[in-house]
Amino acid sequence: MSKEAVLQLQNVTKKIGGRLVVDNLSFDIPRGEVFGFLGPNGAGKTTTIRMIVGLISMTRGEVFVNGISVRKHFELAMTHIGAIVENPEMYKFLTGYQNLLQFARRHSGVSKERIREVVELVGLQHRIHEKVKSYSLGMRQRLGVAQALLHKPSVLILDEPTNGLDPAGIRELRDYLRHLARQEDIAVVVSSHLLSEMELMCDRVAIIQAGKLIDVRTMSELQGSAQRQQIIIDVDDPQLTKDLLSAAIPVELMSVRDGHLEIVVERERIPEITRALVYAEINVYGIRAAQRSLEDQFLDMTRGEPIV
C-alpha cells in the first residue's frame, strides 16, 4: 500500500457568526487507507467535510488534494475527489445504468468500460439495468459510491454512509469500502457515529471535539493504548480467588462475572497477580486481556460526550 498523502489538511479553521466551529485542524491521509472521522455532536465533522469538498469556504487554512490547493485551484482539485454528503440523489425512474450515464456526462473521459468497472466494484452488475425505484437503500448507497468513483478520484469521501442501513447492508458497505481502498488505491474518508463499524472498517481514526483535533490513531494503537487493562481469569472458584487477591494485591476494580474473575489493573501488575495465584495454589485455567473497544477509547478521550 502506498503511503503517499493524497489529502492534506493544514490549519483548517472555520468561524460561523463569531463562533469557532473548526479550530486549526491538520492531518494527512495516504492512498489505500480507510480513514474514520469521529466526534461528539457539534464537533465539526460535517463542517470539515463540507470545507474539503468546497460546499462552504474556509476561514483560514488550506486543503490539498494530490498536492493541489482547494483554495487556489478548486475545479482542478475537485477532479480528484468523489463524495457523497448526506444521501446520494438518483433519478428513481431511470435504471442504475442510465443514472451512471447521466453522471458520466459531468466528467470528460468516462468510458462505458469504466462504468462497467465501477458497477462490478460495488457489486451491482446483476441489478444495474433495473430501475432505481426498485433498489433497496443499501443498493442505492452502492450506486452512489459507483457514481462517485466514475472519474477515478484519488479520495472518496462518505458522510454517514451507513445511515438507514440494516446490519447486512452495513456489513456489505464496510466490505466494499475496504476492497475499494485497496483495489483502486484511493483514500476513503468515512464519517460515522457507529463506532463498532468504524472499528471494523477503518485503518486509522481522527477524533475531534469542539472543533479541535484530539488525536489521530491507528486501530492497533487505539486497542492497545490504555495503561490500564481488563484481565479475565478463569479459575475453579472465582469468589475465593477474588477474596485472596483483594487481601494480597490492591487493584482498581475486581468483580466476579459469568463464572470468571475480572480485574482492571495496570499492565505492569499482571505478573505480580500471576505469581500470587501460583503461590496460593489456585488452579488457573487461563488469563487473558479483554480488548478495549473503540467506544471505550472514544469515551475516555471525549470524557463521555455523546456522539453523532
Side-chain angles (χ1 to χ4, degrees), residues 5-14 20-56 58 61-65 70 80-88 141 144-145 148 153-163 165 170 173-174 176-178 180-181 186-223 225 293-302 305-308:
V6 292
L7 181 62
Q8 298 171 288
L9 275 68
Q10 296 181 358
N11 306 313
V12 172
T13 300
K14 180 65 178 179
L20 198 58
V21 179
V22 176
D23 186 4
N24 212 41
L25 284 188
S26 297
F27 52 81
D28 296 349
I29 305 175
R31 289 182 178 275
E33 179 175 87
V34 181
F35 187 87
F37 207 34
L38 300 171
N41 185 24
K45 303 187 307 298
T46 298
T47 299
T48 301
I49 288 174
R50 288 177 177 272
M51 284 190 287
I52 292 172
V53 300
L55 291 177
I56 57 174
M58 291 169 269
E62 186 60 279
V63 174
F64 294 94
V65 186
V70 170
H80 297 279
I81 289 182
I84 301 176
V85 181
E86 298 179 351
N87 296 319
Q141 290 282 26
V145 172
S154 300
V155 181
L156 175 64
I157 300 175
L158 305 175
D159 188 18
E160 299 282 356
T162 57
N163 271 356
L165 296 183
I170 291 172
L173 184 63
R174 179 186 74 214
Y176 284 129
L177 293 182
R178 293 192 64 86
L180 286 171
I186 64 176
V188 178
V189 182
V190 181
S191 168
S192 178
H193 67 282
L194 296 174
L195 297 181
S196 60
E197 290 306 320
M198 297 291 270
E199 191 168 15
L200 294 171
M201 183 190 305
C202 298
D203 300 298
R204 288 192 302 155
V205 293
I207 298 175
I208 65 171
Q209 185 176 27
K212 294 184 178 181
L213 181 67
I214 295 176
D215 207 353
V216 177
R217 299 187 187 181
T218 66
M219 294 312 307
S220 59
E221 286 171 342
L222 274 170
Q223 292 167 351
S225 63
S293 68
L294 176 57
E295 184 172 11
D296 295 331
Q297 294 285 329
F298 181 91
L299 292 175
D300 281 351
M301 286 185 277
T302 61
E305 290 291 328
I307 55 177
V308 168

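Basis for what follows: all heavy atoms, side chains included, without hydrogens, waters or symmetry-related copies. Heads up: numbering here begins at 1 and tracks the sequence. Bear in mind the structure is a predicted one, so any value in this text is a computation, not a measurement.
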- Begin with the C-alpha distance, continue with both residues' side-chain angles, and end with the deciding distance and a verdict on side chain to side chain contact (heavy atoms under 4.5 Å, CB included) for Ser154 and Ile81. CA-CA 6 Å; Ser154 300; Ile81 289 182; over 6 Å; no
- Item | Steps toward side chain to side chain contact (heavy atoms under 4.5 Å, CB included) verdict (Phe64, Leu7) | CA-CA 6 Å; Phe64 294 94; Leu7 181 62; over 6 Å; no
- Message: Evaluate Leu177 against Met201 for side chain to side chain contact (heavy atoms under 4.5 Å, CB included), listing each step before the verdict.
- Response: CA-CA 8 Å; Leu177 293 182; Met201 183 190 305; 3.9 Å; yes
- Query: Under the side chain to side chain contact (heavy atoms under 4.5 Å, CB included) criterion, do Val216 and Arg204 qualify, and how do the steps go?
  - Reply: CA-CA 7 Å; Val216 177; Arg204 288 192 302 155; 3.4 Å; yes
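Residues Val155 and Val188 are not in side-chain contact: their nearest non-hydrogen atoms beyond the backbone lie 4.5 Å or more apart.
Atom-to-atom distance recorded for Cys202:SG and Arg174:CZ is 10.5 Å, nearest 0.5 angstrom. Distance check: Ile157 CD1 to Phe35 CZ gives 11.0 Å after rounding to the nearest 0.5 Å. To the nearest 0.5 Å, the span separating CG on Leu25 from NZ on Lys212 amounts to 11.0 Å. Here the CG atom belonging to Asp215 is positioned 12.5 Å from the CD atom belonging to Gln209, to the nearest 0.5 angstrom. We find the CG-CD1 distance between Leu38 and Ile208 to be 9.5 Å, quoted to the nearest 0.5 Å. Distance CG/Leu9 to CD1/Ile29: 7.0 Å, rounded to 0.5 Å.
Met51 approaches Val70 most closely through the heavy-atom pair O-CG1, 4.4 Å. Across all non-hydrogen atoms, the minimal contact from Gly144 to Ile84 is C-CD1, 3.3 Å. Between Pro153 and Gly82, the shortest heavy-atom contact is CB-N, 3.5 Å. Pairing each heavy atom of Ile186 with each of Leu180, the nearest pair is CG1-O, 4.0 Å. Between Ala181 and Val34, the shortest heavy-atom contact is CB-CG2, 3.8 Å.
Under a 3.5 Å cut-off, the side chain of Asp203 and the backbone N or O of Glu33 do not form any donor-acceptor pair. Looking at Arg50, its side chain never comes within 3.5 Å of a backbone N or O of Ile56 through a donor-acceptor pair. At distances below 3.5 Å, at least one donor-acceptor pair connects side-chain atoms of Ser26 with backbone N or O atoms of Asn11. Although no hydrogens or angles enter the test, the distance criterion places a donor-acceptor pair under 3.5 Å between the side chain of Thr13 and the main chain of Asn24.
Using a cut-off of 4.0 Å between Lys/Arg side-chain N and Asp/Glu carboxylate O, Asp159 and Lys45 are scored as not salt-bridged.
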